[in-house]
A.B. asks: 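Following this message is one structure expressed as structure tokens.
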Number of protein chains: 2
Amino acid sequence: MATINDVARAAGVSPSTVSYVLSGRRPISAGTRERVQAAIAELGFHPHAGARALASSKTNVLALVVPLRTDVNVPVIMQFATAVVTASRVHNHDVLLLTKDEGTAGLERVAHSTMVDALIVMDVERDDVRLTALRTLKQPSVLIGLPEDPAGIACVDLDFEAAAAEALRHLAWHGHRRVALVGPSPAVYKRGTSYAERFLTGFTIASATLGLETMTHPCEPDREGVRACLADIDAQLPGVTALVVHNEEALRMVLEELQTAGRRVPADISVVAICPRDVALNMPLPLTSVDIPAHDVGGLAVETAMRLLDGRSIELVRLLPPTLVERKSSAPPATAAD
Amino acid sequence: MATINDVARAAGVSPSTVSYVLSGRRPISAGTRERVQAAIAELGFHPHAGARALASSKTNVLALVVPLRTDVNVPVIMQFATAVVTASRVHNHDVLLLTKDEGTAGLERVAHSTMVDALIVMDVERDDVRLTALRTLKQPSVLIGLPEDPAGIACVDLDFEAAAAEALRHLAWHGHRRVALVGPSPAVYKRGTSYAERFLTGFTIASATLGLETMTHPCEPDREGVRACLADIDAQLPGVTALVVHNEEALRMVLEELQTAGRRVPADISVVAICPRDVALNMPLPLTSVDIPAHDVGGLAVETAMRLLDGRSIELVRLLPPTLVERKSSAPPATAAD
DNA sequence: TGGCGCCGTCGAAGCGCTTCGACGATGAGC
DNA sequence: GCTCATCGTCGAAGCGCTTCGACGGCGCCA
């Protein structure tokens, strides 16, 4: 492997000049620059990442902490992850992949050993134990999610409260009065997963504001769980005319169960999903949905990390406004006249 | 951040002694070792990864290249990825996440700049363009998959040919004579994706060996694709009594379509799936399946990388034998008497 | 009791890069 | 024509660690 010294020798300049050509931190004459670049190309020189990190205390690596539990929706996680990687590359950074199960120790390990410049943390819980650890690190961190007390840590996410409100507003506008929320699995709530709670809150508040009769119900994403959930909803909220489904894995089964029960969507019952765009589009019926813009959120997380790294100002909490797209699964409720 | 010098001073020894305590490369007396360890703990010392990489030319980082296309099965990819990360941690390594779309350039970038010690590459194609690049790197690489000509590169995977044979053998043993393969989407074949082709090959060979009447059909994983696929199968292989499904995303829909058509599984038609265990178990009916042991394969990939790194011998191509587990979706075909 | 080998430790070099201060050359200002 | 910035480049220090050769002290054997 060629070193910066080899390049310098080949170009007839000093190593520092090569470095300045590379970093652009000092003016270099056009002629010199070209000779250096030619030498770099010819020798196939790539600066040694470790040496660079040592000298500059920058690694150009971001840590990304992903959950590996399978009760969260895997494809969505993957969408976030690839969005983060893609955005990182745009900013000339790479991504070190950590799993949530290493917990606090993993964060400290990579931070203390200076493997990364910043950390992006997914699957944040209400009182996430990792927060205090993150606050003591010298590297900045960005959460994808919003804990109860972010205090000093940057957070980005979809505004799930607003998303719930948006879904209800849409249904209310169509004339629905009785709406049930099919939520994530009980385990997700039990963990205090941030987005689930915020959606629930938004749902409850909007329900009151709009004067709707609503109920909420977690849902295990298997056939039995879905059946039980729908049965409970029918029992507790008879005459329900619309469902808000915030559980992608259950989504398809919910639709199937409705069909099996002979309830047509949207003629007999409307469905609004909270999920990524492509999921909504790939259902048997294109669903009216509020997007989970994983790509935007991931990109924003990286962007925020970059701003933090070069000392630009940021908004500490950034919640993206939801977008509801009306497709084929929502309509006014059937009237007695129908 | 404390440095090794701080630790040395605190423990009253030289920096090299601290280093030897850390690495165990030279004998250190118990007393000294304890003092050093105490100092390390007290100061919260973590060696600087860059400095270490520079001095030792080892990064303790593995590159993992994942596909981000969505026509491959995302949850399976995720299983491989988490298996690799988990296994890496056991060997005291971290994982740098690359996406396949950076192609050859990405591999060369991380290798030439000495960011990683070895590379693990997923989603390998028949004539993968990345192979020649990999061969020129000074770092070893391990493929998850098996290209046409691996020549010198370590490969690990499930033995998909044997998996196909296993599925057919099981069905033949039950007395089935007409069996159709519901394969991955056409795009997967078109790319020359290694596992899809190997499965197809194994299927065809085993079919001949066992003297079965079979056919194969790719399947787009959406409602329409599944319907079309099943219709084609019925048209081209009338009286088919069993299906081998090598397409997880279509799996659920296949079952649904069969049910809709009033064909009971396994009474009217048997189904053998090729998929991870948990997928087979989470279907409405527990499926007879050949496991895709993502966890084992990922672990083996890491293990192989480690052996390569410390010069132990390896088998260049390692294909894990398939395991078929009989569950509720396979049975002897209905006879005329039924 | 003297010599030899081994154990445990030290010191220094060096990994490849960045960065800071310095310095010659050039051009502008008076 | 002389001073003073400015531009472009250089040299050297230093980032924090590993590793190699060296060396003192000890136990062992003769």
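Just so it is clear: chains get the letters A, B, ... in the order the sequence lines come, proteins before strands, and each one is counted from 1.
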A.B. asks: Under 3.5 Å between N/O atoms: give me all the protein pairs with nucleotides 17-20 of chain D, atom names plus distance.
C.D. replies:
residue	atom	partner	partner atom	Å
D/dC17	OP1	B/H48	N	3.2
D/dC17	OP2	B/I4	N	2.3
D/dT18	OP1	B/R52	NE	2.7
D/dT18	OP1	B/R52	NH2	3.1
D/dT18	OP2	B/S19	OG	2.8
D/dT19	OP2	B/R25	NE	3.1
D/dC20	N4	B/Y20	OH	2.4

A.B. asks: Could you tell me how far apart B/M115 (CE) and C/dC15 (P) are, to the nearest whole angstrom?
C.D. replies: 22 Å
A.B. asks: Less than 3.5 Å apart, any donor N or O on the side chain of A/T17 or A/S14 sitting next to an acceptor on the other?
C.D. replies: yes
A.B. asks: If I take atom NZ in residue B/K58 and atom P in nucleotide C/dC15, what distance separates them, rounded to the nearest angstrom?
C.D. replies: 18 Å
A.B. asks: Output yes when B/R318 and B/D157 qualify as a salt bridge under the 4.0 Å nitrogen-oxygen rule, no when they do not.
C.D. replies: no
A.B. asks: Which whole-number value in Å describes the distance from A/R33 CZ to D/dT9 C1'?
C.D. replies: 14 Å
A.B. asks: Give the C-alpha distance, both sets of side-chain angles, the deciding distance and a yes or no for side-chain contact (heavy atoms from CB on, under 4.5 Å) between B/D296 and B/L300.
C.D. replies: CA-CA 6 Å; B/D296 296 347; B/L300 184 57; 6.0 Å; no
A.B. asks: Inspect the surroundings of CZ in A/R135 and state if more than 12 heavy atoms from other residues, nucleotides or ligands are less than 6.0 Å away.
C.D. replies: yes
A.B. asks: Tell me which one of B/V13, B/N5, B/T3, B/T32 satisfies side chain to side chain contact (heavy atoms under 4.5 Å, CB included) with B/V18.
C.D. replies: B/V13
